[in-house]
Amino acid sequence: MGNILEDLNEAQRAAVEFIEGPSLVLAGAGSGKTRVLTYKIAYLLNNKVDPATILALTFTNKAAREMKERIAQLAGKKETKNLWMGTFHSLFARILRIEAKTIGFPQSFTIYDTGDAKSLIKTIVKELKLDDKIYKASHIQSRISLAKNNLLTPEGYANNVKIVQADVMNRMPRVQDIYAIYFNRCKKAGAMDFDDLLLYTNLLFRDHPEILAKYRNVFQYILVDEYQDTNMAQYLIIKKLAEVHQRICVVGDDAQSIYSFRGARVDNILQYPNDFAGCKIFKLDQNYRSTQNIVKAANSLIAKNSNQFEKNNFSSNPAGSKITVLSAYSDIEEAYIVTNTIFEMHMRDHCELRDFAILYRTNAQSRHFEEALRKRNLEYKIYGGLSFYQRKEIKDLLAYMRLAVNQNDDEALKRVINYPPRGIGDTTLSKLDALAQDENVGIFHAIGMIRNYNLGINNSTIARLEAFAHMIDHFRESMHTLDAAEVVQKVLQESGILAEFSNDKSPESLSRKENLEELINAVNEFCAQKKEEGNENSLIDFLQEVSLLTDQDKEEEGEFNKITLMTIHSSKGLEFKHVFVVGMEEELFPSARTLDSPAGLEEERRLFYVAVTRAREICFLTFAKSRGKFGQYAYCTPSRFIRDIDAVFLDLPVDISLNTKGLSNTTEPIKRIQRNDRPVVATGGLSKRTPLSHAKGKNDEKTNFSPDIPALIQVNQRVEHATFGFGTVVRIETNGDIKAVIEFDKTGQKTLLLKFARLRILKDE
DNA sequence: AACGCATATTTGAGT
DNA sequence: AATATGCGTT
């Protein structure tokens with residue numbers, strides 16, 4: 001067993017063997033970061049360290065699971081069972097459950113997801129009679145999140161001049177009140193949001209030194225993965241826990257810090273040597289993943305950023321091919337080009353589908369790729385978007401379970417009190433809510449008090465409310481006698497959810513039903529595993545697990561040989577032989593809202609760095625010259641990031657010159673795409689969203705007036721408008737909504753918003 | 001209370 | 001484009 005060190009290079013081995021003090025492992029992309037972490041833990045275990053004294057924090061549940069598996073191979077499965085290994089959120093939720101009483105929460109506290117939190121904020125804004133156009137839930141949510149990440153309780157928030165002033169400047173002076181009410185409501189409901197899990201852990205350790213001492217003693221070895229993505233609250237937890245024994249090892253790469261939008265601080269990793277004086281720094285700079293070309297290209301790109309550790313990443317792999325840049329006329333064509341390239345490589349070079357990844361900046365970009373891949377019959381899997389546990393039918397069923405476990409969970413109650421419809425509408429609910437607020441109880445308890453008050457709710461409605469409450473009580477009781485999966489079955493039956501689906505024979509309804517069955521399976525599986533471990537309260541644990549689970553955490557069977565579609569963010573830590581980074585356009589990547597701050601732009605560049613370094617052998621960058629945005633077409637210019645890569649590593653298309661300031665919108669006509677440029681497409685199978693296909697060939701028919709898409713409109717073009725008749729395009733304005741200035745033959749010059757204009761392009765005369 | 005139509009908003013990444 | 005919200009009708 002002692003020979004596991006032989007699998008490591010010198011730097012990796014040195015990092016693994018250093019276990020008695022603080023250390024920082026700076027691990028470049030593909031340098032074996034996970035390897036160091038897993039081997040280090042295995043090394044500790046092989047040296048007879050008790051697994052229950054090791055705290056290993058990862059970024060995702062999936063990373064934790066995979067690491068556990070690898071450690072099991074190195075050190076034996078039994079050894080890994082008691083490791084404290086998981087995400088910050090799940091491990092500290094576990095601790096908070098143990099210590100719940102101390103901070104005034106029930107042991108069965110529920111976790112509010114973003115949707116629950118948002119709905120509560122909306123309720124509060126309404127109650128305070130504030131304008132929800134100004135007090136937007138999403139904005140308030142991010143203010144509260146920011147506050148909690150910086151350990152600001154409502155009092156701290158109200159006392160912070162800078163923050164309060166910022167709210168006043170934004171014409172939202174009452175955010176502090178909303179926060180205070182939100183905070184109290186969550187507590188009353190026995191609920192924590194994601195940020196609370198970290199905030200309350202901090203408060204617990206701050207206010208209860210004996211508990212802090214206990215956990216300092218439990219966690220003799222602390223390891224943190226992806227340290228560059230920790231936020232202030234996480235940083236403080238780690239720092240406190242490690243303060244005495246200093247046996248803390250953090251692993252990360254400042255060049256891959258991409259989560260500052262949710263409070264991550266690159267400074268945590270940059271300042272680590274100051275926080276833990278005398279720490280050992282290990283630099284892993286040999287990239288084992290990618291070709292020399294890719295590594296060098298990525299280096300040249302990240303060199304454009306300031307404020308980073310000095311790096312010297314290199315590869316001893318073959319030189320490899322250059323990064324190929326491809327241009328497309330539209331987002332739809334971009335998808336076809338990528339799909340065609342994959343198809344060719346698959347058929348001609350026998351590349352496996354699992355070796356391909358299509359990476360994009362935003363989830364919304366996936367649609368065209370899905371359509372194109374489906375038409376080619378190329379199998380793919382897609383990550384992100386709605387996860388299984390976010391689906392309505394699943395959330396509804398889970399809300400019943402939540403309410404049965406914790407009757408103060410008002411958000412769960414609001415979700416299901418009238419689902420399936422049982423005649424309890426908004427009016428009734430707001431009367432009930434008002435009573436609950438007056439009496440300072442949860443809504444569920446307010447139902448029990450309803451007959452003592454004259455709320456103007458008629459008797460039949462009262463009877464319905466009581467029947468609902470009775471049903472929930474019944475579910476709660478059955479939890480003592482039945483196991484979790486049986487309870488779920490029962491809820492599904494008796495709540496009427498199942499009946500809802502039986503009445504409806506549509507395919508959607510069928511698939512919802514299947515999802516519900518899948519949930520029952522998941523509960524079964526979970527409980528079986530928990531029973532094996534001798535754990536009782538498995539329903540509570542299950543509810544916690546699913547609220548902290550993401551789409552990426554689930555591994556589907558039979559998904560192994562497919563093309564991967566995902567955002568760049570979720571690709572972090574993964575690698576693929578062939579990578580397409582798509583949508584390389586200004587305002588998309590880098591995203592428009594990062595352009596006003598240099599720090600934001602640098603983060604986008606790091607994101608691009610992450611994207612490029614996912615590729616082992618071949619990397620493509622693609623961009624489109626026009627793209628559907630918010631339901632209308634807009635012109636795009638190639639991303640500045642393409643130019644950030646040293647041109648010697650690039651293979652550029654002939655039709656763009658990246659030295660000029662992007663594409664000109666007005667002088668360079670957008671060429672029509674010839675039919676034979678495109679893959680074979682089933683005739684008539686094109687949706688109306690594929691306008692380029694009918695752009696050509698229909699223009700000489702005068703009978704049916706069918707407008708062309710705005711992206712095809714160009715200067716000097718002859719066009720026809722349904723009411724103004726024929727005219728010539730003088731100019732196109734692209735700032736804000738796209739407008740075309742058109743000189744009409746009959747009616748003179750007019751400026752038209754292209755999204756309304758319904759113009760038809762005339763064939764050149 | 002439930003439904004249908006009109007209008008507003010979204011698209012920034014995820015524990 | 002797709003979804004969420006709002007308003008009026010039944």
Side-chain angles (χ1 to χ4, degrees), chain A residues 57-64 86-93 111-115 117-119 122 126 132-133 136-138 142 145 148-149 192-198 226 229-231 233-234 257-264 331 359-368 383-387 389-390 392 418-429 458 460-461 464 544-553 566-572 583 587-595 600 603-604 606-607 610-611 627-634 687-691 709 755:
Chain A
L57 296 157
T58 61
F59 212 62
T60 60
N61 296 299
K62 191 180 171 196
T87 63
F88 278 88
H89 290 85
S90 62
L91 292 189
F92 291 113
I111 297 172
Y112 275 177
D113 69 14
T114 351
K118 199 171 199 164
S119 134
K122 280 183 182 168
K126 213 175 266 170
D132 59 4
K133 296 262 158 39
K136 281 197 178 160
S138 56
S142 71
S145 175
K148 287 183 175 173
N149 281 330
M192 294 199 196
D193 64 21
F194 292 138
D195 300 313
D196 280 335
L197 296 171
L198 305 176
E226 307 281 13
D229 284 325
T230 50
N231 65 26
Q234 293 167 323
S257 162
I258 55 176
Y259 283 102
S260 79
F261 72 93
R262 65 180 208 216
D331 46 3
L359 308 181
Y360 34 76
R361 180 65 179 79
T362 66
N363 277 313
Q365 284 165 257
S366 70
R367 223 188 82 223
H368 295 309
Y383 291 78
L386 262 201
S387 89
Y389 292 103
Q390 308 267 23
K392 187 189 173 311
N418 200 29
Y419 179 80
R422 46 175 75 91
I424 302 170
D426 289 344
T427 327
T428 307
L429 188 59
N458 68 41
S460 64
T461 310
R464 282 183 221 132
Q544 164 168 322
E545 169 147 314
V546 300
S547 35
L548 296 175
L549 219 54
T550 63
D551 208 32
Q552 296 166 51
D553 295 324
M566 57 168 57
T567 62
I568 303 170
H569 278 89
S570 48
S571 77
K572 194 172 70 163
E587 309 212 321
L588 180 61
F589 193 25
S591 153
R593 46 214 279 174
T594 62
L595 292 178
E603 175 149 314
E604 292 285 291
R606 291 193 295 269
L607 189 57
V610 168
R627 177 176 296 277
K629 281 178 187 167
F630 295 112
Q632 59 179 303
Y633 265 82
S687 69
K688 56 185 187 305
R689 288 248 335 154
T690 354
I709 56 153
K755 64 175 162 180

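In what follows, every chain begins at residue 1, and chains take the letters A, B, ... in the order their sequences are listed. What you are looking at is a predicted structure, and each value in this text was computed from that prediction instead of being measured.
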What nucleotide, of B:dA1, B:dT11, B:dA13, holds the atom closest to the side chain of A:T427?
-> B:dA1
Report yes if at least one side-chain N or O of A:T428 is closer than 4.0 Å to OP1 or OP2 of B:dA1; otherwise report no.
-> yes
State, yes or no, whether a side-chain contact exists between A:F194 and A:T114 at a heavy-atom distance under 4.5 Å.
-> yes
Would you say A:K133 reaches B:dA8's phosphate, i.e. side-chain N/O to OP1/OP2 under 4.0 Å?
-> no
Going by 5.5 Å between centroids and 30° between planes, is there a stack of A:Y259 over B:dG14?
-> no
So do A:L588 and A:Q365 actually touch side chain to side chain, heavy atoms under 4.5 Å?
-> yes
Once you round it to whole Å, what is the distance between P of C:dA1 and CZ of A:R627?
-> 15 Å
Phosphate contact (B:dG14 OP1 or OP2) by A:T567 side-chain N/O below 4.0 Å | yes
N or O in side chain of A:K136 less than 4.0 angstrom from B:dT10 OP1/OP2 | yes
Roughly how many Å is it from OH in A:Y633 to C1' in C:dA1, rounded to a whole number?
-> 11 Å
For A:Q632 and C:dA2, give me the distance from atom CD to atom C1', rounded to whole Å.
-> 15 Å
Can you tell me how far P in B:dA13 sits from the matching atom in C:dA4, rounded to whole Å?
-> 15 Å
Do the side chains of A:F88 and A:T230 get nearer than 4.5 Å, heavy atoms only?
-> yes
Think A:S570 has a side-chain N or O under 4.0 angstrom from the OP1 or OP2 of B:dA13?
-> no
Where each residue is assigned the nucleotide of DNA chain B containing its nearest heavy atom, which of A:R464 and A:T87 is assigned the position nearer the 5′ end?
-> A:R464
For A:K118 and B:dG14, give me the distance from atom NZ to atom C1', rounded to whole Å.
-> 14 Å
Which residues share a salt bridge (charged side-chain N to carboxylate O under 4.0 Å, His left out) with A:K572, sequence neighbours left out | A:E226, A:D229
Give the rounded distance in Å between these two atoms: CG of A:D331 and C1' of C:dA1.
-> 12 Å
Does a side-chain heavy-atom distance below 4.5 Å link A:T428 with A:N418?
-> no
Shorter than 3.5 Å, N or O on both sides, protein versus nucleotides 2-6 of chain B: list them out with atom names.
{"residue": "B:dA2", "atom": "OP2", "partner": "A:N418", "partner atom": "ND2", "Å": "3.3"}

Exercise: do A:S570 and A:T567 side chains pair donor with acceptor under 3.5 Å | yes
Using the closest heavy atom to pick a nucleotide of DNA chain B for each, name whichever of A:T594 or A:T114 lands nearer the 5' end.
-> A:T594
Which heavy atom in A:K148 sits nearest to a heavy atom in A:D193, and how many Å separate them?
-> NZ-OD2, 2.8 Å
Regarding the side chain of A:N363, the nearest nucleotide among B:dG14, C:dA1, B:dT10 is B:dG14
Rounded to whole angstrom units, what separation is found between the CG atom of A:D132 and the P atom of C:dG6?
-> 6 Å
List in chain and number order the residues that pass salt bridge (charged side-chain N to carboxylate O under 4.0 Å, His left out) with A:E603, two or more places apart in sequence or in another chain; answer none if no residue qualifies.
-> A:R606
To the nearest Å, how far apart are A:K629 NZ and C:dA1 C1'?
-> 15 Å
Which part of the nucleic acid does A:E604 contact within heavy-atom distance under 4.0 Å: base, sugar-phosphate only, or nothing?
-> base
Roughly, in whole Å, what's the span from CG in A:N149 to P in B:dG14?
-> 17 Å
